[in-house]
Amino acid sequence: MKEAYFPQEIEKKWQKTWEETGAFKTPENSEKPKYYALSMFPYPSGKLHMGHVRNYTITDVIARYKRAQGFNVLHPIGWDSFGLPAENAAMKHNADPEKWTDENISYMKGQLKRLGLSYDWDREVATCKEDYYKWTQWLFLQLYKKGLAYKKEAAVNWCDNCATVLANEQVIDGKCWRCDSVVEKKYLSQWFLKITDYAEVLLEDLDKLPGWGDNVKTMQANWIGKSQGAIFNFEVIDAPSGEKLTVPVYTTRPDTVYGITYLVVAPEYKDIEKLTTEENKQAVEDYRANARKMTEIERLSTDRVKTGVPLGTHCRNPFNGEVFPLWTADYALVEYGTGAVMAVPTHDTRDFDFAKKYNLPMKIVISKDGNIENNLAEAYTEEGILVNSGEFNGMKNTEAKKAIIQKAVDEGFGEFKTQYRLRDWLVSRQRYWGAPIPVVYCEKCGIQPVPEDQLPVKLPTDVDFSVVGKSPILTSPTFQDTVCPVCGGPAKRETDTMDTFMCSSWYYLRYADARNNEKCFDKDKVNKWLPVDQYVGGIEHAILHLLYSRFFTKALRDCSLLDFDEPFKNLLTQGMVLKDGSKMSKSKGNTVDPDEIFENYGADTARLFILSDSPPARDFDWSDAGVEGCYKFLNRVWRLMSTNSDKIDLNNTVMNVGKLTKVNDDLVRIVHMAIKSITNDISNDFQFNTVISKYRELVNAIYDWTSKTQWTDEDKTVFSFAIKSLLILMAPVAVHLTEEAWSQLGGKGSVHEQEWCKWDENLAKMSSITLVVQINGKVKDKIEADESSSQEELKSIALSSEKIKELISGKEIIKTIVVPKKLVNIVIK
RNA sequence: GCCCUGGUGGCGGAAUCGGUAGACGCGUCGGACUUAAAAUCCGGUUGGAGUUAAAUCCAGUGCCAGUUCAAGUCUGGCCCAGGGCACCA
């Protein structure tokens, strides 16, 4: 075996060999059980960053481990390649976004290969290619036919910098998720997907996902935002027009309905003009104009002082006949509930603040102990007993909720209502580099879907990317004009493209049948491979991509395209890669270029290091010293084999267990213990950091052993067994080093085709134990004892210790606890 | 305000069921090899007291209580940090 470890040389060599032999292609017909390991596919931004390296290494190690365990593993990769950066780059240089994207893909693909990832490249997909977006369009049409895609005029989020609308999920703290610009509200006609139809099942089915972290599940649950309550309809008694109007409100506190002292509608409330008297008209108009001018951020700030103006009209409370005034105030939100709120200042902190400011009356209807307190200092929002509430007096408020809604139902002015915070998904974008929405507008026939045999609707190439503030697609002289598929008359194409999250909501399905030109995927193949057994990616997609994909899966199931209802069985959200305590970013100048690491240390070092210091879910702090340490360790492993290579025969590792020398017996036990604990650590949430510390322990133990050996035939066999096990255990991580060593040491086939090591429970423990002796729970002595000693024997061993004898002499032993194979605790007084 | 996650040496982090706290590594200190350096190897490294050196003792897993022969681990109450949601009625 060669003396020195040259990673650059051996890595290139094996990458070429694996590619030539098709080592990681997925056999479609296999007797083995399937396993689908998936990383979230990258956006081809130009170069890999360390977050990618971490993500893909984790998934790759899982895929390789599962292969060794006898699974038929699907481990694909692709490109989330539509999106704004390509278009921005194109606009800057008046170039083609496709070219920019292709170049990036080609470079990053090279990097993925240099990292030694075991992808089946035959299944590679790129969402910007016609053979993919054809099917994104086709799926859009299936949703359209199901009534799940629709167009409507609505107040939408507009990012002026990106010159496009955004989905709710893409607005973070009132700013654009991509460029951080403040988002405005605009009234526009846009395409939506009815994700709200699935709100309940998206929430409920979170319980079917024990393999997801609670953090992600609660984030989704919060986002869906289910609440249960009632709608009450309040009759307006003095509408200026004389019309008979009612104002419906949504409340989760029907138990406080006797305490209503006013009612608030949002400034954008649709009937607000009909509810305003002539005298109040000007003030209300001014207030609404002012609300329009405010940004979302100002508007939604919770610590702003509440403001509002009265409309001049009144409603009657059907429960008690009381009359109360209507106001408009911007703390009522037009998009939530009915856009109107019944105000109970005594039992709601917001209403309390508002009532205090405008001197509105307050009426206590819930009391902690039945007594009514005057001069509340703050709203009482706890549980209690109803007072001032007519027939419901004396009831516990939790019980009164249902009874009060029931009364409203019986008397015809209310109903039970479940409300969700989730809004429909806005999917149209006023940008070029995306999948065109496949519909046309005919003057006669209205909106018409493009017939399926005319797909894909191709992106036009005769466009001018130098335009500012509008989609380049509008500059195409040929794209828009078309004919109506129904009447054959002139029609215009839709110029909006789809949100890229549409493309990424089904890519994991396409991998099951990536080269299918007839269908988006074969149903049997998708049913066979899916759901994804292990999905790995960043926490930033906790809501966006993961919620959309869950919705897509359920919607496609309802279109009979597949037979399962959750796409990702297990989810690992890996932590961020930090440097000097903060996230790696170009602006901070603390990035580390993966290429440099590959060049200086090799991919195996990069893989080993990125897994070594932190558990996958936690943030990982990059340190140059840590990389250096991993490189040294790999050299140490190499040296262990190269300096003793004449003693190793990988094909002769069968020993006469039970008749070995003590030193050899101990090493065999250590190897079995390592196999056991490494296997357990991988099975248990992929704790690769402890796996790697166990590699080190094993290597240290083997080195230790070499200093004691005489190199008898038995010694050589034991050593060969230890090295063979080490290579197989390390193969998923140090993929090139182990393959090269395996080959140089005469191993048969590839190390990556070897079956995972098995351990013998009887050998996975030392023959002697360290007995811990405690007195009153404090460790006082440690004694070597035979592994098989009985409890009585352990007790007498403990009591015969000189140290212990001294400590207990003259004291009374109250009791003695013996934990088998571990410890004896003597309680004395 | 509500929800989730976490808090262990100088640092990253270990520690199946409650049973030796600090595995493994980084850093650092000392030693070996070397003309020297690199590389490599060996040893120390929670804090405090103690000793020529040891032995040994005390304290210690965010804080305060509790359960237990025994608590990083279980229970109750807090504090802090990170993340999510939020005038959602």
Side-chain angles (χ1 to χ4, degrees), chain A residues 172-173 213-227 229 249-253 256 263-264 266 299-304 306 329-333 335-344 347-351 353-354 381 419-422 539-540 542-543 575 578 581 609 612-615 617-630 632-633 635-636 639 677 680-681 684 687 689-700 703 707 770-782 803 814-828:
Chain A
I172 315 288
D173 290 333
D214 284 341
N215 53 344
V216 178
K217 286 192 279 190
T218 41
M219 276 160 82
Q220 292 212 356
N222 285 343
W223 188 260
I224 294 166
K226 180 179 182 174
S227 72
V249 302
Y250 172 72
T251 181
T252 54
R253 292 299 306 275
T256 63
L263 189 151
V264 178
R299 178 76 195 271
L300 295 177
S301 163
T302 46
D303 40 43
R304 221 174 91 239
K306 291 179 184 26
D330 59 12
Y331 79 89
L333 307 173
E335 328 74 281
Y336 188 76
T338 63
V341 187
M342 61 177 230
V344 184
H347 305 296
D348 180 282
T349 50
R350 292 154 304 187
D351 299 343
D353 293 345
F354 192 81
T381 56
Q419 185 74 37
Y420 301 90
R421 214 191 64 104
L422 183 70
I539 185 75
E540 66 273 16
I543 294 170
L578 313 176
F609 176 57
S612 65
D613 266 3
S614 298
R618 232 183 282 181
D619 286 351
F620 175 86
D621 208 351
W622 183 275
S623 83
D624 296 336
V627 182
E628 195 73 43
C630 285
K632 284 181 185 174
F633 172 66
N635 273 286
R636 187 167 150 81
R639 220 178 306 118
S677 63
N680 286 344
D681 282 358
N684 180 21
Q687 290 181 49
N689 56 327
T690 56
V691 167
I692 286 161
S693 72
K694 281 156 191 171
Y695 290 163
R696 292 176 185 273
E697 284 179 346
L698 180 57
V699 169
N700 290 346
Y703 261 108
S707 68
T770 305
L771 179 69
V772 173
V773 186
Q774 297 181 329
I775 290 180
N776 291 345
K778 300 213 168 186
V779 180
K780 294 295 171 187
D781 202 4
K782 294 171 191 178
K803 224 183 213 170
I814 297 167
K815 67 170 152 177
T816 309
I817 289 109
V818 181
V819 182
K821 296 174 197 206
K822 258 185 193 148
L823 114 176
V824 174
N825 186 14
I826 303 162
V827 186
I828 59 172

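These figures come from a predicted structure and were not determined experimentally. Naming convention: chains lettered A, B, ... in sequence-line order (proteins, then strands); numbering from 1 in each chain.
B:G50 adopts an anti glycosidic conformation, its chi angle falling more than 90° from 0. Taking 90° from 0 as the syn/anti boundary, the base of B:C17 is oriented syn.
Map A:Asp613 and A:Ala332 each onto its nearest nucleotide of RNA chain B; the residue landing nearer the 5' end is A:Asp613. Position along RNA chain B of the nearest nucleotide to A:Ser623 versus A:Ile172 favours A:Ser623 as the more 5'-ward residue.
Using modelled atom types, no side-chain atom of A:Asp613 and backbone atom of A:Asp621 make a donor-acceptor pair closer than 3.5 Å.
Residues A:Thr381 and A:Arg253 approach most closely at O-NH1, 4.0 Å, considering heavy atoms. Across all non-hydrogen atoms, the minimal contact from A:Asp351 to A:Val344 is OD2-N, 2.9 Å. The nearest pair of heavy atoms linking A:Cys630 to A:Phe609 is SG-CA, 3.5 Å. Closest approach of A:Arg696 to A:Gly629, counting heavy atoms only: NH2-O, 4.2 Å. Summarising the geometry of A:Ala542 relative to A:Gln220, their closest heavy-atom pair is O-NE2, 2.9 Å, with the distance given to 0.1 Å.
Between B:G9 and B:G47, the distance separating the two C1' atoms is 9 Å to the nearest Å. With C1' as the reference atom, B:A38 and B:A32 are 16 Å apart, rounded to whole Å. Comparing the P positions of B:G27 and B:A65 gives a spacing of 41 Å, expressed to the nearest Å. Between B:C85 and B:C26, the distance separating the two P atoms is 39 Å to the nearest Å. Here, B:U35 and B:U28 have their P atoms 26 Å apart, quoted to the whole Å. Taking the C1' atoms as reference points, B:G76 lies 30 Å from B:C58, given to the whole Å. Nucleotides B:A53 and B:G30 place their C1' atoms 16 Å apart, quoted to the nearest Å. The gap from the C1' atom of B:C69 to that of B:C74 amounts to 16 Å, rounded to the nearest Å.
Secondary-structure annotation of RNA chain B gives the stems B:1-7 with B:79-85, B:10-12 with B:24-26, B:27-32 with B:40-45, B:46-49 with B:56-59, B:62-66 with B:74-78, with a stem taken as at least 3 successive Watson-Crick or G-U pairs whose two distances both fall under 3.5 Å.
Distances were taken from every side-chain heavy atom of A:Ala625 (C-beta onward) to each of B:C41, B:C87, B:G27; the shortest belongs to B:G27. Across B:G13, B:C87, B:A89, the shortest atom-to-atom separation from the side chain of A:Ser614 is found for B:G13. Nearest nucleotide to the side chain of A:Thr770, out of B:C87, B:G84, B:U20: B:U20. Closest to the A:Lys782 side chain, of the nucleotides B:C26, B:C85, B:U20, is B:U20. With B:U20, B:A89, B:C57 as the candidates, the nucleotide lying closest to the side chain of A:Lys780 is B:C57. Taking only side-chain atoms of A:Thr690, from C-beta outward, the nucleotide of B:C85, B:A15, B:C87 with the closest atom is B:A15. Distances from the side chain of A:Lys803 to the nucleotides B:U56, B:G13, B:G25 place B:U56 closest.
Between the CG atom of A:Asp619 and the C1' atom of B:C11 there is a distance of 16 Å, given to the nearest Å. Put simply, CG on A:Leu823 is 10 Å from P on B:A21, counting in whole angstrom units. One can place CG of A:Asn215 at 11 Å from C1' of B:G6, the figure rounded to the nearest angstrom. Distance A:Lys822 NZ to B:C17 P: 10 Å, rounded to the nearest Å. Taking atom CD on A:Glu628 and atom C1' on B:U28, their separation rounds to 17 Å, with Å as the unit.
If you check every strand for non-hydrogen atoms under 4.0 Å, A:Ala617 touches nothing. In this structure, A:Gln687 reaches the sugar-phosphate backbone alone: every heavy-atom distance under 4.0 Å involves primed, P, OP1 or OP2 atoms, never a base. A:Lys778 comes within 4.0 angstrom of sugar-phosphate atoms only, judged by non-hydrogen atoms across all strands, and of no base. Backbone-only engagement by A:Asn700 is indicated by non-hydrogen atom pairs under 4.0 Å involving sugar-phosphate atoms exclusively. Counting any heavy atom pair closer than 4.0 Å across all strands shown, A:Val779 reaches sugar-phosphate atoms only and no base atom.
For the segment residues 691-699 of chain A, the set of residues with a heavy atom within less than 4.0 Å of an atom of RNA chain B comprises A:Ser693, A:Arg696, A:Glu697, in numerical order.
Side chain to side chain, A:Thr690 and A:Asp681 meet the donor-acceptor criterion of an N or O pair below 3.5 Å. Between the side chains of A:Tyr331 and A:Asp353, no donor-acceptor pair is found at a separation under 3.5 Å. Under the 3.5 Å distance criterion, with hydrogens and angles disregarded, a donor-acceptor pair is assigned to the side chains of A:Tyr336 and A:Ser227.
The phosphate of B:A89 has OP1 or OP2 within less than 4.0 Å of a side-chain N or O from A:Tyr336. Between A:Asn689 and the phosphate of B:A14, there is a side-chain N or O to OP1/OP2 separation shorter than 4.0 Å. Within the structure, every side-chain polar atom (N or O) of A:Arg421 is placed at least 4.0 Å from both OP1 and OP2 of B:A89.
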So which protein N/O to nucleotides 64-71 of chain B N/O distances come out below 3.5 Å?
residue: B:C69; atom: OP1; partner: A:Lys815; partner atom: NZ; Å: 3.3
residue: B:C69; atom: O2'; partner: A:Asn825; partner atom: ND2; Å: 3.4
residue: B:C69; atom: O2; partner: A:Asn825; partner atom: ND2; Å: 2.5

